[in-house]
Amino acid sequence: MWVEKDSKKNIYWPSSEMKKKAHVSDEKIYDESLKDPVKFWSNHAKKSLNWFKSWEKDYEEDFPDFKWFSGGKINASFNCLDRHVENNGNKPAIIWEPEPVEEKEQILTYNDLLQETKKFANVLKKLGVKKGDTVGIYLPMTPHVQIAMLACARIGAIHSVVFSAFSSEALKTRLIDAESKILITANGYWRRGKKINLKKSADAALPDTKVQKVVVVKRLEEDLGMKSGRDFYWDELMEKVSDDCSCEEMESNEKLFLLYTSGTTGKPKGVVHDTGGYLIQSFLTTKWNFDLHSDDVFWCTADIGWITGHTYSCYGPLSNGLTMVIYEGSPDFPEPDRFWKIIEKFKVSAFYTAPTAIRMFARLGKQFLEKHDLSSLKILGTVGEPIDLDSWNWFFEVVGKKRCPIIDTWWQTETGANVINALPGIGPFIPTVAGRPFPGIVADIFDDSGKTVKNEKTGDLVLKSPFPPGLLRGVYKNPEKFKDTYWSDYPDVYYSSDGAKFVFNKNIRVTGRIDDVMKVAGHLLSTAEMENAINSCAGVSECAVIPKPDKIKGFVPVAFVILKKNFKKSEEFADTIVQSVRKTIGPIAKPYKIIFVDELPKTRSGKIVRRMIRNIVSGEPIGDSSTLENPNSVNFLKKVIERELK
Ligand code: 6R9
């Protein structure tokens with residue numbers, strides 16, 4: 001038993017067994033770390049990471065710019081690989097489970113991973129990649145993706161991974177913005193028993209980008225069309241290089257990677273992460289939040305295309321020298337018990353997934369778990385969106401058999417690593433509540449006037465100085481956007497765009513986004529990006545994309561579309577719109593429904609009042625409509641929504 005129920009409240013505490021085993025179990029860590037957060041992080045960075053040269057200044061701030069460990073020289077690839085091989089070279093680093101059940105798992109030890117990374121780093125060099133260049137990565141979940149990322153880090157190139165289920169247009173936008181000269185992709189992969197032709201999407205993305213060379217992993221047997229002089233097979237390149245490659249000494253604040261995230265405008269933002277700061281927050285949150293010890297097996301189910309994959313399926317576990325599982329395919333293939341089978345097969349001790357997956361499993365039923373031995377599990381983690389009470393209970397009772405703490409981790413692409421959650425050895429574990437800020441992180445919840453809110457009152461979640469070491473250092477090539485998006489709503493703090501409240505004495509419940517982005521099955525999508533795709537269809541005059549609550553996916557996008565004069569609504573036209581969104585962003589952004597309307601509520605200045613439409617769609621109070629330009633549109637819209645969505 002790793003947890004105990006509080007006898008009075010519906011909350012849980014670590015058992016004495018958990019307290020004994022945990023890396024941290026003394027409550028004092030919070031107060032002590034907050035007395036001097038800079039010292040807290042510096043001590044851990046010194047103790048837990050290998051530096052080629054120690055830093056001159058631990059923290060500097062020139063708001064909103066800040067630096068950690070200035071002058072320090074470090075390499076992420078070295079910290080994830082080289083330093084482990086002497087004592088743990090034969091320890092599995094990655095256990096890769098392919099989707100087809102007839103294919104055997106592949107295990108890469110730290111020796112293997114280091115050797116492959118060194119070789120691939122030499123491949124990159126041979127292709128002309130230099131320190132500071134960006135490299136596009138559009139790969140499925142096979143170990144090539146970690147090798148490619150670590151090879152970039154090794155030579156000081158900046159990786160920019162694009163989710164393999166994004167469309168070619170989404171890939172193109174990101175390749176252009178990042179100015180990538182090289183793309184690493186695969187000829188395909190398996191998803192739900194089908195072959196996905198990734199190379200075709202990659203090819204379609206390349207015109208108008210700066211990409212000159214493409215490295216192709218041969219995941220499938222078929223040749224999907226290689227362009228001579230531009231495309232090269234990964235394996236063939238690897239045969240021709242040496243397996244010796246030293247690490248570039250990176251100044252701590254130099255870029256490690258870019259990762260694009262959806263914002264409130266149609267254009268995704270290239271979130272910039274540095275090296276030393278990002279690495280220490282990734283290292284420590286992995287170790288403490290999932291209470292991982294050397295013989296544990298960690299499995300984070302997130303795709304590498306998202307920040308959760310970067311931090312908890314690459315840099316976090318590998319910098320700790322741990323064994324992690326990665327899985328290529330769909331959670332319910334060939335049967336809905338695939339995840340539980342994997343946990344049993346590899347004796348996973350900490351399992352980190354998303355509420356949308358939990359909701360799907362809960363709906364499928366517990367019979368799929370009951371035939372599997374899940375007794376290896378000690379810690380369960382969740383991330384991506386607020387977890388509802390039913391899903392929390394199901395995760396706790398059915399998956400964890402009431403034995404394991406649930407670590408509900410709040411964080412963002414921008415924060416790089418976990419920021420708010422309970423610690424396994426300290427607790428409390430409160431259903432639907434993330435918990436306290438991780439030690440050394442200063443968070444607060446503000447009311448409109450920038451003062452801390454009272455208990456149980458919702459406000460804006462902010463981070464205060466000294467800013468967490470893993471926090472973003474910029475929006476790629478766009479300092480104005482960086483400033484406007486994160487640092488302008490209140491003086492002196494980082495604004496998260498999430499609503500939150502304090503409950504149970506300084507624990508934080510995150511209530512969700514307050515800006516125009518939505519989480520669809522855990523994927524952060526921008527309504528403006530979807531609206532741009534819809535507006536580009538001939539015949540569309542204007543539109544509003546609104547999140548509709550959904551039992552499994554959290555939210556699904558519904559598009560309200562006003563047509564130009566002389567255009568008629570039809571099912572075919574609705575389908576054209578759906579296909580346009582699919583093509584521009586990817587299948588995850590596919591609208592649940594297209595609703596044609598004659599008008600939408602607007603302000604006097606002509607802006608669509610999306611908040612009001614959102615309230616009608618989620619059945620919440622509509623608010624004052626008297627100041628609208630067209631107050632009658634609201635009643636009309638209510639009827640349409642009742643008819644189309646109920
Ligand atoms: C890591 C990740 C960030 C947004 C964030 C918030 C939501 C993430 C959450 C959570 C409540 C949690 N979010 N974890 N909300 N509780 N435990 O998901 O990054 O894709 O950038 O999304 O996700 O709304 O602002 P990203």
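Note that ligands are numbered from 1 as they come in the structure, with each ligand's atoms numbered from 1 the same way.
Trp410 and Asn421 share no side-chain donor-acceptor pair at under 3.5 Å.
Taking the six-membered ring where the residue is Trp, the centroids of Phe283 and His44 are separated by 6.0 Å or more.
The 4.0 Å heavy-atom shell around ligand 1 contains residues Ile307, Thr308, Val383, Gly384, Glu385, Pro386, Asp408, Thr409, Trp410, Trp411, Gln412, Thr413, Asp498, Val510, Arg513, Lys519, Leu524, ordered by chain and number.
The side chain to side chain donor-acceptor pair (under 3.5 Å) search around Asn507 returns none, not counting sequence neighbours. With sequence neighbours excluded, the residues satisfying ring-ring contact (aromatic ring centres under 6.0 Å, His included) with Tyr312 are Phe290, Tyr352, Trp411. Every residue two or more places apart in sequence or in another chain that forms a side chain to side chain contact (heavy atoms under 4.5 Å, CB included) with Val398 is listed here: Lys366, Leu369, Trp394.
Ring planes of Tyr494 and Tyr486: parallel class, angle under 30° (limits at 30 and 60°).
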